[in-house]
Amino acid sequence: MALTAAGTGHSQWAIVAGGICAATLLFALMLMTTTVHRDHLDHHDVPSLLNDSYATSPGWARQRDTAHEPHRLG
């Protein structure tokens, strides 16, 4: 959309469309990195796009202790 707007001479719309595209890309990158970071804190396996299945969690990770509070940031 930004390229079409720039190619037809609508420079203001090209800037707006480019900004929206950049904001969407930054939001997606932030969402992925915070998810991976949270998975590391909770000791989860990070999903792989090249692997068709998830690794099973070890026995100690499957047991839930009711007295244990999850890690919280802040």
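Among residues two or more places apart in sequence or in another chain, the side-chain hydrogen bond (donor to acceptor under 3.5 Å, both in side chains) test is passed with Thr8 by His10. Listed by chain and residue number, Ala5, Ala6 satisfy the side-chain contact (heavy atoms from CB on, under 4.5 Å) test with Ala14 (two or more places apart in sequence, or in another chain). For Met30, the side-chain contact (heavy atoms from CB on, under 4.5 Å) criterion is met by Phe27, Thr34, not counting sequence neighbours.
Within 6.0 Å of CG in Leu31 there are more than 12 heavy atoms belonging to other residues, nucleotides or ligands.
Of all heavy-atom pairs spanning Ala2 and Gly18, the tightest one is CB-N, 3.8 Å.
Under the 4.5 Å side-chain heavy-atom criterion for grouping Ile, Leu, Val, Met, Phe, Trp and Tyr, Ile20 is connected to Trp13 within one hydrophobic cluster.
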